[in-house]
Amino acid sequence: MIRRSWSRASSCPNWPDRPGMERIGDIAVRVTGEGPTVLFLHGIGGNSLNWRAQIDEFGRDFKAAAWDARGYGESGGAVRCFEQFADDAAAVIAALGSPAHVVGLSMGGRIALDLVRRHRSLVRSLTLANTSAGSSETASPEKVEAFLALRLKPLVEDGLTPADIAERIVEGVEGPNISPAAREALIDSHRRLHKDGYIAAMRAVTGFTAFPDFAAIDVPTLVLTASEDRVAPPAHARLMAGRIPGARFAEIEGSGHISNIEAPEAFNAALRDFLEAHG
């Protein structure tokens, strides 16, 4: 296991609307570049636009693709169960070219774990960024209750919209060094959420426990964390990396939970180093 650290970098640059939006079944995917497929899976408050800095960077050497998960962005319907996310990802990879380097952040990392468990042949490598799964510490009933109280209760019981609670949610995930531009990008991401899709995703995520045995994961894996991540703390990331055979561990100093937006240059450097070793 290798530990590397990068310092925090500036927020995402302005992004020309270069990546083309493709539809694969119900799923909308932003795609640019040629080469091995790299599929980026956003978190529970995200969408494909969250990956603008990564699509711009990796589209030079790979077929870089970022999806709107089911119920998000331009994709159709709300998810019925958590496994549907991984099945959608499998269909996207099959259409774009498999196997793929799969990069999942937060909820996207959990989707990536289910994908490698049930669609192993489609996964070339795995990057688990700012994510957690299978830990009694991070998935305790108390943690789940607090998560739902913050995100679900205002929408279901109080009649609010994701836009109404966007700033409150970002306050819970941002790092102490976040730039104004990165903070606004995260708030904008939460404002774009579709209420029904977001609620369905929250219920699916909190109800899912069938993650793979870390020791059974047999694809090259990068576990990427951030020093100021309060949602999926570095201690749990280290635990995951220690249990996955041959996993590489990297920590971005100074960033919070959504490290690809808060510290895109550091995130990209860690990911590029890993992909160049396993491309």
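- Using a 4.0 Å cut-off between a side-chain N of Lys or Arg and a carboxylate O of Asp or Glu, R238 and E251 qualify as a salt bridge.
- Listed here is the closest heavy atom pair of A112 and V102: CB-CG1, 3.8 Å.
- Atom OG1 of T127 is separated from atom CG of L224 by 7.5 Å, given to the nearest 0.5 angstrom.
- Here the closest non-hydrogen pair linking S259 and F267 is OG-CD1, 3.4 Å.
- The ring pair (Phe, Tyr, Trp, His ring centres under 6.0 Å) contacts involving residues 80-99 comprise F82-F85, F82-F208, where partners must be two or more places apart or lie in separate chains.
- Between H42 and W67, the ring planes lie tilted relative to each other; the angle falls in the 30° to 60° range.
- For D158 (side chain) and L160 (main-chain N/O), no donor-acceptor pair under 3.5 Å exists by modelled atom type.
- How far CD1 of I252 is from CG of D229: 10.0 Å, rounded to the nearest 0.5 Å.
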Side chain to side chain contact (heavy atoms under 4.5 Å, CB included) for F58 and L271? Distances and angles first, verdict last. CA-CA 9 Å; F58 293 97; L271 181 57; 3.7 Å; yes
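- Between L222 and A250, the shortest heavy-atom distance links the atoms CD1-CB, 4.1 Å.
- Distance alone, capped at 3.5 Å, is enough to place a donor-acceptor pair between the Y72 side chain and the I44 backbone.
- Identified under the salt bridge (Lys or Arg N to Asp or Glu O under 4.0 Å) test for residues 191-205, with sequence neighbours left out: E167-R191, E184-R191, D188-R192.
- Under a 3.5 Å cut-off, the side chain of T221 and the backbone N or O of V219 do form a donor-acceptor pair.
- Judged purely by atom type and a 3.5 angstrom limit, S255 has no side-chain atom pairing as donor or acceptor with the backbone of E262.
- Atom CD1 of I217 sits about 4.0 Å away from atom CD1 of I244, to the nearest 0.5 Å.
- Distance CZ/R110 to CG/L105: 12.5 Å, rounded to 0.5 Å.
- Among T161, L193, L152, the single residue meeting the side-chain contact (heavy atoms from CB on, under 4.5 Å) criterion with Y198 is L193.
- No side-chain donor-acceptor contact under 3.5 Å links N268 to the backbone of E265.
- Side-chain contact between N47 and S189: present, with at least one pair of heavy atoms (C-beta onward) separated by less than 4.5 Å.
- Between E57 and P264, the closest side-chain pair of non-hydrogen atoms is not below 4.5 Å.
- The main-chain N or O of E74 is found under 3.5 Å from a side-chain atom of D68 such that the two form a donor-acceptor pair.
- Within the 4.5 Å cutoff, side-chain heavy atoms of I93 are placed close to those of L115.
- When every heavy atom of S48 is checked against every heavy atom of M21, the shortest pair comes out as OG-CE, 4.1 Å.
- Sorted by first and then second residue, the pairs that involve residues 77-103 and meet side-chain hydrogen bond (donor to acceptor under 3.5 Å, both in side chains), not counting sequence neighbours, are R70-D88, D87-R118, D87-H119, H101-S125.
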Give the C-alpha distance, both sets of side-chain angles, the deciding distance and a yes or no for side chain to side chain contact (heavy atoms under 4.5 Å, CB included) between M202 and V205. CA-CA 5 Å; M202 282 190 286; V205 168; 5.9 Å; no
Could you walk me through whether L186 and I178 satisfy the side chain to side chain contact (heavy atoms under 4.5 Å, CB included) test, starting with their C-alpha distance in whole Å, then the side-chain angles of each, then the deciding distance to 0.1 Å, before giving a yes or no? CA-CA 10 Å; L186 290 179; I178 192 170; 3.7 Å; yes
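- Distance alone, capped at 3.5 Å, places no donor-acceptor pair between the H257 side chain and the R230 backbone.
- Remark: side-chain polar atoms of K63 are paired, donor with acceptor, to backbone N or O of L96 under 3.5 angstrom.
- A 4.5 Å side-chain heavy-atom check between W51 and V38 finds every atom pair outside the cut-off.
- In this structure, the separation between OG1 on T37 and CZ on R124 is 9.0 Å, given to the nearest 0.5 Å.
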Evaluate the side chain to side chain contact (heavy atoms under 4.5 Å, CB included) criterion for residues N130 and V231: first the C-alpha distance (whole Å), next the side-chain angles of each, then the deciding distance (0.1 Å), finally the verdict. CA-CA 8 Å; N130 301 94; V231 180; over 6 Å; no
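- Atom CG in N50 sits 7.0 Å away from atom CD1 in I258 (nearest 0.5 Å).
- Residues T225 and H236 fail the side-chain proximity criterion, which asks for heavy atoms closer than 4.5 Å.
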